[in-house]
Amino acid sequence: MAVLLAGLGVALAAVAVGAVAPRRQRALYANALTALAGVLVGTAAIAALVTGTTPHAHTGALLPLSGASLRLDALGASLEVTVALVVTAAALFSIGYAHGASASRPAVALQAAFALGVLLVPAAGDAVTFLGAWEAMAVTSLALLLVEHDRPAARSAALWYGAMTQAGAAAITLGLLILVAAAHTTSFLGIAAADVRGPAAVVAFVATVAGFASKAGAVPLHVWLPRAHPEASTPVSAMMSGAMTALGLYGIARVDLGILTAIGRWWWVGVLVVAAASALYGALHAATATDLKRLLAYSTIDAMGLGLIGLAAAGELRAGGAPQAAATLVVGALILLCAHGAYKTLLFLAAGLVERATGTRNLDLLGGLAGTMPRTSSLVALAVASAVGVPLGAGFVGEWLEIEGLVAGLARRDPGGVAATLLGLVALALASGLTAVAMVKLLGIGFLGRPRSEGARGAREPHGIVSVALALPALATLALGIVPGPALAVADRAVTSLGGMRASALHGSLGGIGVAASASALRPLALLAGLVAATLVLRALARAGAHRIRRTAAWACGRRELSARMQYTATSFAEPVQRVFADVLRPDVDVTLTHEDESRDIERVLAYQSSVADAVESGLYRPLVRGADALGRRARALANGSVHRYLAYGLLALLAVLVVLR
Amino acid sequence: MTGVAGAVIDLAAVAVLVVGVAGLWRRDLRALVGLLRVQGMALALVAAATAATQHDVGLAVTAVLVVVVKAGIVPTLLGRVARADPGARESAPLINVPSSLVLAAALVGLAVVVGAPLHALDPGRAAALAPLGLATVLVGYLLLVTRRRALSQVVGLLVIDNGVALMTFLLTAGVPLIVELGGSLDVLLVVVVLRALLGTMRARLGNVAIDELRELHD
């Protein structure tokens, strides 16, 4: 407990230092303290997981009526490790990266406060502390979007994010208050023990799932995410994507899966449909996006959708009488969150470096960075491997576990349940494929090939602490991908801390993961050894057989006359996907032909423009916003500026209250 | 509660309300300020009689305070404003006088109906009068809503305050001295500020009719 409290105290000190320190030292001291806080909190969480203890503390002084209480059980601690990793990496990165508006006093202090908020959420032990930490996280991240408020895009993103996050927080507050009122206690343990049932449980379930899912970017509540992530400064978007969205799923695991155990299975099937839609929608948009950060934002929606598929299917399977498969799914979702936190942080931070080095985030203008920024490129390749879900990547472990759980869930004599499980499985498979397209595009178009612009050609590898910050999540990705056994054991303990959950049938060791009563097993260490051996053999064979090595331009098929403009671009790479899914994506394609004057058959200029707007935003939210705007304009007649009218409203309200309360 | 003191409380409490209703009837601003002074005195009488029955020194001091502030300083300050504009009348209230008197009667009825449970708080004789305080508040609010002149609106605000004070005297047999002191100081501050504001408004705009100030929205 002492280490956890020390960590949170240091995070608080970082906020103070960010607010008062002089300009030159501000970013260094505040971010160093935040990184230290991340290390301390992460250490406390790992210690709690290793020793199997549950540190907890309560004080009546901080919050009125209920007091503040911290409780780091296995579920909270396993999320806290991810969050601490993301916070530490982002803070170290900021030390070398912050300049201009993102090094201003409010920006540095708010970033430290945001880190404190995300560190606090998984450690909250009661509903009031949780809501306080949640709101701190939401408000500081909203304010951080406005750091560069002179850009209209940032203001618009902040507006969308503010509306969505506050509506989500209101829904979560409503749901938790219903639970608190029904259980007569604010502590999560007490609420879980009260076993709330009936309509109150259903309302609380719907409200909290909606609130948490909006934070995790579930369709159709995702519209803020592709705007906010690209507009925030790089370390902030890394924290938003790696830590904050994961906390949305943490909330669903904590409250809906862990407390509302009596909820009917069809509610979970509904969540599963939303999750499947999010994963597919996010993956599709990621595959067609050309802005680096926008691609990463949509891939966050995709990854959170995959995690939510695990949690929702787990809820359905638990209610449907397959608790072991449910446990496997939750373990998979937790590991997926951890993997996503690591690789997405790395990708966002690398995207920030690329943007600073080349001056653009447009993939169509990048390329060839593997030559100019070799270290960053190899780390990005590592993260991409993890995101795509190839073996030895961290993402693979989580996806494999989810598929194991879903497949186990198919062995039931219940057509409805099997259909729901099948839906999850199909969505998982399709989304994984589309994710691969998006990630291959990111790495191939952005980093391989030849530079497509002057900026990309002149890019230089950054040195110093930013590289350390990138290496940290890379190491975590490698560790999780190659030695997943310990993480699996820890996640299994987290699952049993949820109400109504049994331990999964998985057993993890240093060598790999095995599934009891089934032949399937994951042995990454053996795979790694085989891979290294095969690589060495191939290399030796290549050396032996090579006569003369001719070097030529990349991606030119060995020819010299192909220019850099003849390469695949991000747009052309995604064009087949965009064409197949045109009904969902509704791309706006514009081809302009200009003919020579003499002949209609000779084309002079051919311009191709293609942009994919968010169909949910234009189809659902735009009419909603227009309607609210019209209502607001009409409501203006109520307030015509007459003092007497305002006073009369007051009198009428007073009379109404008197009559109603009589 | 002794007979005489009880009768005094009854009479004075009713006087507070009646004076408030009379405020709806009179249009002359100077007469309005005079009514306010009378209301303050009646309020002080309630406090003093309650103090006498309960032998409460703090309440007696409160009564003195009420006389000084609500029957003394505040009406005097407002009187100066009214005198600066001799013959000023509430030109045309938003609701004419007979209608507003009918409305006032309805409000008093509502206050009696709604305030009936207040008696259950303290089954003494004084608490039975508490709806009078509520009625005074509502009448004051009506004054605030229907009058165009800024000064009449200030008077309406003070009538509301007097109604609240009446209710507290009747229900709790006097509030702690320190609370009443704070309340009185607040009222005094408000009146001083409003008086300064009224002076400025008259200097800038001449005739002060709130209705003409329409630039508050957006």
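Values in this document were obtained by computation on a predicted structure and should not be read as measured data. Just so it is clear: chains get the letters A, B, ... in the order the sequence lines come, proteins before strands, and each one is counted from 1.
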request  = With a 4.5 Å cut-off on heavy-atom pairs, point out which of B/L142, B/L144, B/L107 contacts chain A the most.
outcome  = B/L144

query = With sequence neighbours excluded, what pairs up with A/Y621 under the ring pair (Phe, Tyr, Trp, His ring centres under 6.0 Å) test?
reply = A/W160

Pairs meeting criterion salt bridge (Lys or Arg N to Asp or Glu O under 4.0 Å) with involvement of residues 160-172 of chain A, two or more places apart = none

key: Residue-level interface, residues 221-233 of chain A with chain B, non-hydrogen cut-off under 4.5 Å   = none

task = Report the residues that fulfil side chain to side chain donor-acceptor pair (under 3.5 Å) with B/Y141, sequence neighbours left out, ordered by chain and then residue number.
result = none

ask   = Any side-chain heavy atom of A/L654 within less than 4.5 Å of one from B/L138?
value = yes

query = Donor-acceptor pair, A/H644 side chain versus B/T146 backbone, under 3.5 Å?
reply = no

ask   = Can you find a pair of side-chain heavy atoms, one from B/V145 and one from A/R645, that are under 4.5 Å apart?
value = no

query = Can you tell me if CZ on A/R151 sees more than 12 non-hydrogen neighbours from other groups inside 6.0 Å?
reply = yes

